[in-house]
Amino acid sequence: MKNRICVIFTGGTIGSLASGNTVDLKKESKSALIEKYRAAHKTDVIFDELRPLNILSENVQPSDLEKMADCVRGVNKDDYDGIIITHGTDTLCFTANLFSQIFCDIKIPLVFVSALYPLNDSRSRGVENFAGAVTFIQSADFGGVFVSFENHGENVKIHLASRLVSASQIDGNYESVLNVHFGEIIDGKFIYNQNPDNPALIKFKEHRRPCEAQKLCMDMVTIQAHSLLNFDFYRFKEIKPKAVMVQLYHSGTVCTVGREANFKNFLAYCKSLGIQVVIAPIDSSARVYESAIGLTEECTAAYDISFEMATVKVLLALGSGFSIESVLAENYFFEKLH
C-alpha cells in the first residue's frame, strides 16, 4: 500500500478565513486543512500538496478549469492511492460533473471536498469532508471521480461526481440525482449504498473508454423553466449563441400555449437563426404529458441525465468540435440513469 495522497488546493471557502461578516481567501505555505485533519485523526498518510490556483469558485473561468485539469493530468497516478481536490461550494457541482467526464477513465479515486463555512468557523465540516475523502480513497480498489460532502445532521456522503446536482437554495446541501448517493462514511468506514439505481461496484473495475471531448466553449445560453417565463425577452440580435439549453420542469414539461410564454414559439425563433436548442432533464421511461408531445422531435433531448450533466456535455461538445447529440449519447462515468 502506497499510503500516499496528492492534495490539489484551488481555494474556495474551505481555503478561506472568516473575519467579521466577510469571507476571503488566505495564502498559506502549509495547509490548515491537513493540519486540522492530522490533529483529529491518527494517520501515517503522506499528503503531497499542489496549488495551481487560489480563487473563490464563483469567479472560475475556463482557463482556471484548464489549469486545474492540467494539474491532475500532471500527477503521476502510479505514485498515489488517490487525489483530493479542494473546491468552493458555489460551483462544485459543475466542476465535479465536468471532471467526471474528462477524467472518466482515471485509475485511482479523484475526490472533491468543500466546506460551506471557513475552517475557523465552528460550523465548518471541511475537515470531516476531507476525512471522508481519505477514508474512501483508502477503501476503494477502483478509480473514478467522486465528491465527499456532509450535509447538516448527516454522515459524510460519497457521491458519484457525474450524478451530483446543484446545491439546495440557502442551506447549500448537496445531493445526487434521485437522492441516491453512492455511499457514506459510518464509524470511519465507507459503506456502499446498495440502492438499485447505483451502478454495481464491479462495474468500476471494467475498462472505461476515455472522453475525447476535453475543451469547453461558453457560447451557450441556459434558461430555467418557471411560471410566466417570457421567452420573448430572449432575442439574439447582437450576439448569437451556438446553443440554448432549456431546463424543463421535473416532469419533462414546459409551457407550450399562449404567446410570450410559449416555448414552441421560442423554438421556432431559434431555428430561424440556426441555433440548436437542447432540453433536459427527460426521463426516457416516463409517460409524456400532452404539453410535451412532439418536443423531442423538434429539438435535441438530453435523456436520463441531470440538467447539470447535460450542461457539461453540451459545453464540451461545442468546445471540442463534436456534435451535441454524439456527446449526449455517451455514458462515460455512470451518468445515465437508465
Side-chain angles (χ1 to χ4, degrees), residues 1-8 45 69 72-73 75-85 87 92-93 95-114 129-150 155-165 174-186 188-214 303-306 308-309 312-313 316 327-338:
M1 181 176 179
K2 294 183 287 292
N3 210 31
R4 192 168 185 174
I5 295 174
C6 179
V7 185
I8 300 175
V45 175
V72 174
R73 295 183 184 109
V75 172
N76 187 342
K77 316 304 186 296
D78 292 333
D79 290 342
Y80 295 99
D81 290 317
I83 299 171
I84 295 175
I85 299 180
H87 197 285
L92 169 66
C93 183
T95 306
N97 274 272
L98 171 65
F99 277 43
S100 79
Q101 300 295 279
I102 63 178
F103 295 111
C104 63
D105 58 335
I106 192 168
K107 304 303 182 187
I108 59 175
L110 169 61
V111 188
F112 284 87
V113 298
S114 292
N129 293 340
F130 185 84
V134 173
T135 297
F136 175 68
I137 287 171
Q138 290 178 322
S139 66
D141 58 354
F142 49 82
V145 188
F146 305 87
V147 177
S148 173
F149 197 86
E150 178 182 332
N155 294 319
V156 172
K157 291 179 180 176
I158 304 298
H159 302 270
L160 288 172
S162 59
R163 296 188 180 186
L164 193 72
V165 294
Y174 269 107
E175 296 291 350
S176 294
V177 67
L178 300 180
N179 287 325
V180 177
H181 54 281
F182 183 63
E184 57 188 315
I185 307 300
I186 301 176
K189 295 181 180 179
F190 169 70
I191 306 298
Y192 166 70
N193 180 6
Q194 298 191 30
N195 187 293
D197 287 316
N198 264 330
L201 288 177
I202 194 172
K203 292 286 187 181
F204 289 83
K205 297 184 180 182
E206 296 176 357
H207 172 75
R208 293 190 291 274
R209 190 166 62 85
C211 175
E212 293 182 272
Q214 294 278 315
Y303 288 105
D304 302 324
I305 56 176
S306 68
E308 291 83 353
M309 174 53 72
V312 162
K313 283 179 174 285
L316 283 172
V327 177
L328 286 174
E330 294 287 350
N331 187 24
Y332 287 113
F333 188 63
F334 309 107
E335 60 268 22
K336 287 192 177 289
L337 302 173
H338 302 301

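Residue numbers start at 1 and run along the sequence shown.
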S.K.: Heavy-atom distance under 4.5 Å between the side chains of Phe136 and Val111, does that happen here?
M.R.: yes
S.K.: Of Phe204, Phe333, Phe334, which is the lone residue that meets ring pair (Phe, Tyr, Trp, His ring centres under 6.0 Å) with Phe182?
M.R.: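 Testing Phe182 for a ring pair (Phe, Tyr, Trp, His ring centres under 6.0 Å) against Phe204, Phe333, Phe334 leaves exactly one candidate, Phe204.
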S.K.: Tell me whether Lys107 is salt-bridged to Asp78, with the criterion being a basic N under 4.0 Å from an acidic carboxylate O.
M.R.: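 No salt bridge links Lys107 with Asp78.
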S.K.: Does the Ser114 side chain pair with the main chain of His87, one donor and one acceptor, at a distance under 3.5 Å?
M.R.: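 Yes, Ser114 side chain to His87 backbone: donor-acceptor pair under 3.5 Å.
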S.K.: Using 0.5 Å steps for rounding, measure from the NZ atom of Lys336 to the CG atom of Asn331.
M.R.: 6.5 Å
S.K.: Provide the closest heavy-atom pair for Ser306 versus Met309 in the form atom of the first, atom of the second, distance.
M.R.: OG-N, 3.0 Å
S.K.: Within the structure provided, determine whether Glu330 and Gln101 are in side-chain contact (heavy-atom separation under 4.5 Å).
M.R.: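 With C-beta onward as the side chain, the pair stays apart.
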S.K.: Any side-chain heavy-atom pair from Val7 and Phe130 closer than 4.5 angstrom?
M.R.: yes
S.K.: What distance separates Leu110 CG from Cys104 SG, expressed to the nearest 0.5 Å?
M.R.: 12.0 Å
S.K.: Assess whether side-chain contact (heavy atoms from CB on, under 4.5 Å) is satisfied between Tyr332 and Ser100, documenting all intermediate values.
M.R.: CA-CA 8 Å; Tyr332 287 113; Ser100 79; over 6 Å; no
S.K.: Rounded to the nearest 0.5 Å, what separation is found between the NZ atom of Lys205 and the NZ atom of Lys203?
M.R.: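 Lys205 atom NZ to Lys203 atom NZ measures 14.0 Å (nearest 0.5 Å).
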S.K.: Please report the shortest heavy-atom distance between Val75 and Cys6, naming the atom on each side.
M.R.: CG2-SG, 3.8 Å
S.K.: Working note: Glu308 + Val312, criterion side-chain contact (heavy atoms from CB on, under 4.5 Å); need CA distance, chi angles, decisive distance, verdict.
M.R.: CA-CA 7 Å; Glu308 291 83 353; Val312 162; over 6 Å; no
S.K.: State whether the side chain of Asn129 and the backbone N or O of Ala133 hold a donor-acceptor pair below 3.5 Å, judged by distance alone.
M.R.: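 Checked: no pair found.
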S.K.: Please determine whether side-chain contact (heavy atoms from CB on, under 4.5 Å) holds for the pair Ile191 and Asn155, giving the CA-CA distance in whole Å, both sets of side-chain angles, and the decisive distance to 0.1 Å.
M.R.: CA-CA 11 Å; Ile191 306 298; Asn155 294 319; over 6 Å; no
S.K.: Please say which of Ile5, Ile137, Asp141, Ile83 ends up in a side chain to side chain contact (heavy atoms under 4.5 Å, CB included) with Ile108.
M.R.: Ile83
S.K.: Does Asp105 use its side chain to pair, donor to acceptor, with the backbone of Arg209 at less than 3.5 Å?
M.R.: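 Pair absent, no side-chain N/O of Asp105 close to backbone of Arg209.
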S.K.: Give a yes or no answer on whether the side chain of Thr95 reaches the backbone of Leu92 with a donor-acceptor pair at less than 3.5 Å.
M.R.: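 Here the side-chain-to-backbone pair does not exist.
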S.K.: Checking side-chain hydrogen bond (donor to acceptor under 3.5 Å, both in side chains) between Ser176 and each of His159, Lys157, Arg163, His181, which is the one that passes?
M.R.: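 Exactly one candidate clears the test, His159.
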S.K.: Mind checking whether Phe149 and Val156 have side chains closer than 4.5 Å, heavy atoms only?
M.R.: no
S.K.: Once you round to the nearest 0.5 Å, how far does CG of Asp304 lie from CG of Leu337?
M.R.: 6.0 Å
S.K.: Less than 4.5 Å apart, any side-chain heavy atom of Leu328 and any of Ile305?
M.R.: yes
S.K.: Are the side chain of Asn198 and the backbone of Asn193 linked by a donor-acceptor contact shorter than 3.5 Å?
M.R.: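 Yes; at least one donor-acceptor contact below 3.5 Å.
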S.K.: List for me each residue that meets side chain to side chain contact (heavy atoms under 4.5 Å, CB included) alongside Ala69, sequence neighbours excluded, and say none if there are none.
M.R.: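 Counting only residues at least two positions away or on another chain, Ala69 forms a side chain to side chain contact (heavy atoms under 4.5 Å, CB included) with Arg73, Phe99, Ile102, Phe103.
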S.K.: Report yes or no: does Asn97 contribute a side-chain atom to a donor-acceptor pair with the main-chain N or O of Cys93 at less than 3.5 Å?
M.R.: yes
